[in-house]
Asks: 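The structure that follows is given in the form of structure tokens.
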Amino acid sequence: MDAFSIHGGKRLTGTISVDGSKNASLPLLASSLLTDQTITFDSVPKLSDIENMGKLLAELGCDVSRDDQKVTITTVDESKSHARYDIVRTMRASVCVLGPLLAKRGEVRVSMPGGCAFGDRPIDLHLRGLEALGATIELDGGNIIAKADRLHGATIFLGGPFGSTVLGTANVMSAATLAKGRTIIESAACEPEITDLAILLNAMGAKISGAGTPRITIEGVEELGGAKHTVMPDRIVAGTWAIAAAMTNGDVEIERFPLDHLLAVTDVLSTVGVHVHQTNTSQDPRSCTVQVVSDRHLKPVMFTTQPFPGFPTDLQAQTMALLCLSRGNSIITEKIYPERFMHVPELSRMGAKLVRQGSTVIVQGVGHLVGAPVMASDLRASASLVLAGLAAEGETTVSRVYHLDRGYSSMEKTLSSIGADITRITDDVIVDGLPIVETVPPKKLVQANS
Ligand code: EPU
């Protein structure tokens, strides 16, 4: 398993650009199952989760090809509709194929996703929504089996104990495009990834209005056709780069920064004392350029994660790393995934002072962190450890980089391009007992890390 070796304390400066969004791409790619015509996507990030979705779609009868950031998908065989456990267990978002397969093929078998590193992640709301559209659903041998001759429109409430569900809204909205009659989703997720999906579905011929609000209306159509779509920039990657700049006394220009999608985050950053301002005149959230400047005189803050437009749970861990560098006590409350705190013990190994009580963590700002060997068991927790390593004194080794490869495309290359001292240690090639370390640029040999 690869690791990152980071020598902290380098100031990040320069310009980087944000890739297309992982969490938008996954349901977007899955919606190709709704038609037998070709869908072409631009700005699809190169990530292991996207590769897995491509493999799953190929198993489900799609012809999938990639040329750099462009992905083309055409369904050529509609006879298969089983999303196997082998793929679903590596990526929960495989559940995105449930709605499209049910609507187009009338039957779907998807392995039930289990919990994940940060707790239970039920899909009861997805299933309740599809049942309301007329599907019969049963569980057999760990698989969800959903069937329907033709779905019909319905009014569906998708709110749950932690707010609405993003992928549940994606599944029900996608399925309802081919249902007979009108569907209204109340308490729909308002995340920008849902709006992006509705833009594609409408380009394919669907009739969806209200996406991005808590009430989405879908007038069912008989069939959908081909389309072209450019994936929105990744708001979580953009926020991660902004926090990296903030933690390193940085001065970084970030292109394709979706400012409108990150207002809750830029608001917290400005309270902390980090300056984020737009440097171009674009009104389009897909093409803002912002400059992030920090002198690392950071103030404490209190924030709570919430559904969009609130503070995103996917930036909670990274922001906790930032607040460790402040002076004073911050309070972070996690309202989406109350158990999402795997980074807490690892940040503590780097000198952070953190006290967790239930779904709240009190961060006692310590002003600086020290390097250490650390590892985490999910994507965003791992990202927070990389950011902590960039700001820490000395060397930090972050193990299990495969978590980061799920959501950040060649993270080490992007960070190196703006001055970070970060190298990937690959352990697949060993020479004389030493791993070959891929540096950026050339390759050299170093001592094995723990
Ligand atoms: N929930 C239910 N029942 C359901 C579905 C969800 O109770 O049927 C609960 C969940 O347990 C959670 C809350 O509702 O407490 C929100 O979950 P949601 O369904 O919105 O999450 P998701 O759609 O499975 C997506 C992202 C996550 C992100 C969440 C919240 C993708 C592929 N995943 O997951 O991204 O944290 O929305 O914004 O879009 C990540 O990128 O690191 C990541 C975990």
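Starting from 1, each residue takes its place in the sequence as its number. On a predicted model such as this, the values are computed, not experimentally measured, just so you know. As the structure lists them, so they are numbered: ligands from 1, and atoms in each ligand from 1. Hydrogens, waters and symmetry mates play no part in the numbers below; they use all other heavy atoms, side chains included.
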Asks: Under 4.0 Å, heavy-atom basis, I'd like to know which part of A93 is in contact with ligand 1: side chain, backbone, both or neither.
Replies: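 Near ligand 1, A93 shows its side chain, while the N, CA, C and O stay back.
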Asks: With no hydrogens and no angle check, is any side-chain donor or acceptor of T313 less than 3.5 Å from a backbone partner on I336?
Replies: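 Pair absent, no side-chain N/O of T313 close to backbone of I336.
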Asks: Under a 4.0 angstrom heavy-atom cut-off, which atoms of ligand 1 come close to H126?
Replies: 8 (O)
Asks: I would like to know whether Q318 and T240 meet side chain to side chain donor-acceptor pair (under 3.5 Å); could you show each step before the answer?
Replies: CA-CA 7 Å; Q318 300 89 317; T240 304; 3.3 Å; yes
Asks: Check D124 against ligand 1 and report side chain, backbone, both or neither, counting heavy atoms closer than 4.0 Å.
Replies: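 Near ligand 1, D124 shows its backbone as well as its side chain.
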Asks: Within the structure, does L125 bring an N/O atom to less than 3.5 angstrom of an N/O atom in ligand 1?
Replies: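 Such a contact does occur with ligand 1.
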Asks: With heavy-atom distances below 4.0 Å as the criterion, list the atoms of ligand 1 near D314.
Replies: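 Those qualifying, in numeric order: 27 (C), 28 (C), 35 (O), 36 (O), 40 (C), 41 (O), 42 (O), 43 (C), 44 (C).
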Asks: Among D42, T40, D196, which one satisfies side-chain hydrogen bond (donor to acceptor under 3.5 Å, both in side chains) with H229?
Replies: D196
Asks: Could you list which atoms of ligand 1 come closer than 4.0 Å to a heavy atom of F162?
Replies: 13 (C), 15 (O)
Asks: Under a 4.5 Å cut-off applied to non-hydrogen side-chain atoms, are H343 and M320 in contact?
Replies: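 The answer is yes, as the side chains (C-beta and beyond) meet within the 4.5 Å cut-off.
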Asks: If we ignore hydrogens and angles and just use 3.5 Å, is the side chain of D234 paired with the main-chain N or O of V237 as donor and acceptor?
Replies: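 Answer holds: yes.
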Asks: Determine whether any heavy atom of F118 lies closer than 4.0 Å to an atom of ligand 1.
Replies: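 Flag set, F118 near ligand 1.
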Asks: Specify the protein heavy atom at minimum distance from atom 4 (C) of ligand 1: its residue, its atom name, and the distance to 0.1 Å.
Replies: P122 O, 3.1 Å
Asks: Report yes or no: does R406 have a heavy atom closer than 4.0 Å to ligand 1?
Replies: no
Asks: Report the part of Y337 (side chain from C-beta onward, or backbone N, CA, C, O) that has a heavy atom under 4.0 Å from ligand 1; answer both or neither where that applies.
Replies: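 Within the 4.0 Å criterion, Y337 contacts ligand 1 through side-chain atoms alone.
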Asks: Test of understanding: given a 4.0 Å heavy-atom threshold, classify the contact between E193 and ligand 1 as side chain, backbone, both, or neither.
Replies: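 Neither; no heavy atom under 4.0 Å.
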Asks: Between K46 and D68, is there a side-chain N and carboxylate O pair less than 4.0 Å apart?
Replies: yes
Asks: Report the C-alpha distance between T397 and V374 in whole Å, list the side-chain angles of each, state the deciding distance to 0.1 Å, and finish with yes or no for side-chain contact (heavy atoms from CB on, under 4.5 Å).
Replies: CA-CA 6 Å; T397 315; V374 286; over 6 Å; no
Asks: Below 4.0 Å, non-hydrogen atoms only: which portion of I336 touches ligand 1? Side chain, backbone, both or neither.
Replies: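 The answer is both.
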Asks: Between the main-chain N or O of T195 and the side-chain N or O of E191, is there a donor-acceptor pair closer than 3.5 Å?
Replies: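 Such a contact is absent between E191 side chain and T195 backbone.
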Asks: How far is atom 19 (O) of ligand 1 from its nearest protein heavy atom, and which residue and atom is that?
Replies: T165 OG1, 2.7 Å
Asks: Return the residue, atom name and 0.1 Å-rounded distance of the protein heavy atom closest to atom 44 (C) of ligand 1.
Replies: R340 NH2, 3.5 Å
Asks: Distance to 0.1 Å, residue and atom name: give those for the protein heavy atom nearest to atom 32 (C) of ligand 1.
Replies: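 Ranking protein heavy atoms by distance from atom 32 (C) of ligand 1, first comes N23 OD1, 3.3 Å.
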Asks: Tell me, which protein residue and heavy-atom name are nearest atom 23 (O) of ligand 1, and how many Å apart are they?
Replies: L167 N, 2.8 Å
Asks: Are the side chains of I254 and V18 in touch, meaning some heavy atoms are under 4.5 Å apart?
Replies: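 Heavy-atom side-chain distance check passes, below 4.5 Å.
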Asks: Could you establish whether A189 and ligand 1 come within less than 4.0 Å of each other, counting only heavy atoms on the residue side?
Replies: no
Asks: Tell me whether G160 reaches ligand 1 (any heavy atom closer than 4.0 angstrom to a ligand atom).
Replies: no
Asks: Just jot down the ligand 1 atoms closer than 4.0 angstrom to any heavy atom of R121, in number order.
Replies: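 Counting atoms of ligand 1 from 1, those under 4.0 Å from R121 are 22 (P), 24 (O), 34 (O).
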Asks: Going by heavy atoms in the side chains, are I123 and R92 under 4.5 Å from each other?
Replies: yes
Asks: Hey, is R128 one of the residues with a heavy atom under 4.0 angstrom from ligand 1?
Replies: no
Asks: Below 4.0 Å, non-hydrogen atoms only: which portion of E339 touches ligand 1? Side chain, backbone, both or neither.
Replies: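 Neither; no heavy atom under 4.0 Å.
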Asks: With heavy atoms of V166 as the reference, note each atom of ligand 1 found under 4.0 Å away.
Replies: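 Near V166, meaning under 4.0 Å from one of its heavy atoms, ligand 1 has 18 (P), 19 (O), 20 (O), 23 (O), 37 (O).
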Asks: Show your reasoning for whether side chain to side chain donor-acceptor pair (under 3.5 Å) applies to S31 and S174.
Replies: CA-CA 7 Å; S31 66; S174 302; over 6 Å; no
Asks: Going by the order shown, which atoms of ligand 1 are within less than 4.0 Å of some heavy atom of S164?
Replies: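 Per the distance check, 16 (C), 20 (O).
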Asks: Could you tell me whether E334 and R340 make a salt bridge, using a distance below 4.0 angstrom between a side-chain N and a carboxylate O?
Replies: no
Asks: Can you list the atoms of ligand 1 that are under 4.0 Å from a heavy atom of I123?
Replies: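 Under 4.0 Å from I123, ligand 1 has these atoms: 4 (C), 8 (O).
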Asks: Is the shortest distance from a Lys or Arg side-chain nitrogen in E138 or R109 to a carboxylate oxygen in the other one below 4.0 Å?
Replies: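 No salt bridge links E138 with R109.
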Asks: S164 side chain to A189 main-chain N or O, any donor-acceptor pair under 3.5 Å?
Replies: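 Present.
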Asks: Any ion pair linking D284 and R256 (charged N to carboxylate O, less than 4.0 Å)?
Replies: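 Looking at D284 together with R256, the answer is no, because their closest N to O distance does not fall below 4.0 Å.
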Asks: Look at atom 42 (O) of ligand 1 and say which protein heavy atom is nearest, naming residue and atom and giving the distance to 0.1 Å.
Replies: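 Here the nearest protein heavy atom works out to R380 NE, 2.9 Å.
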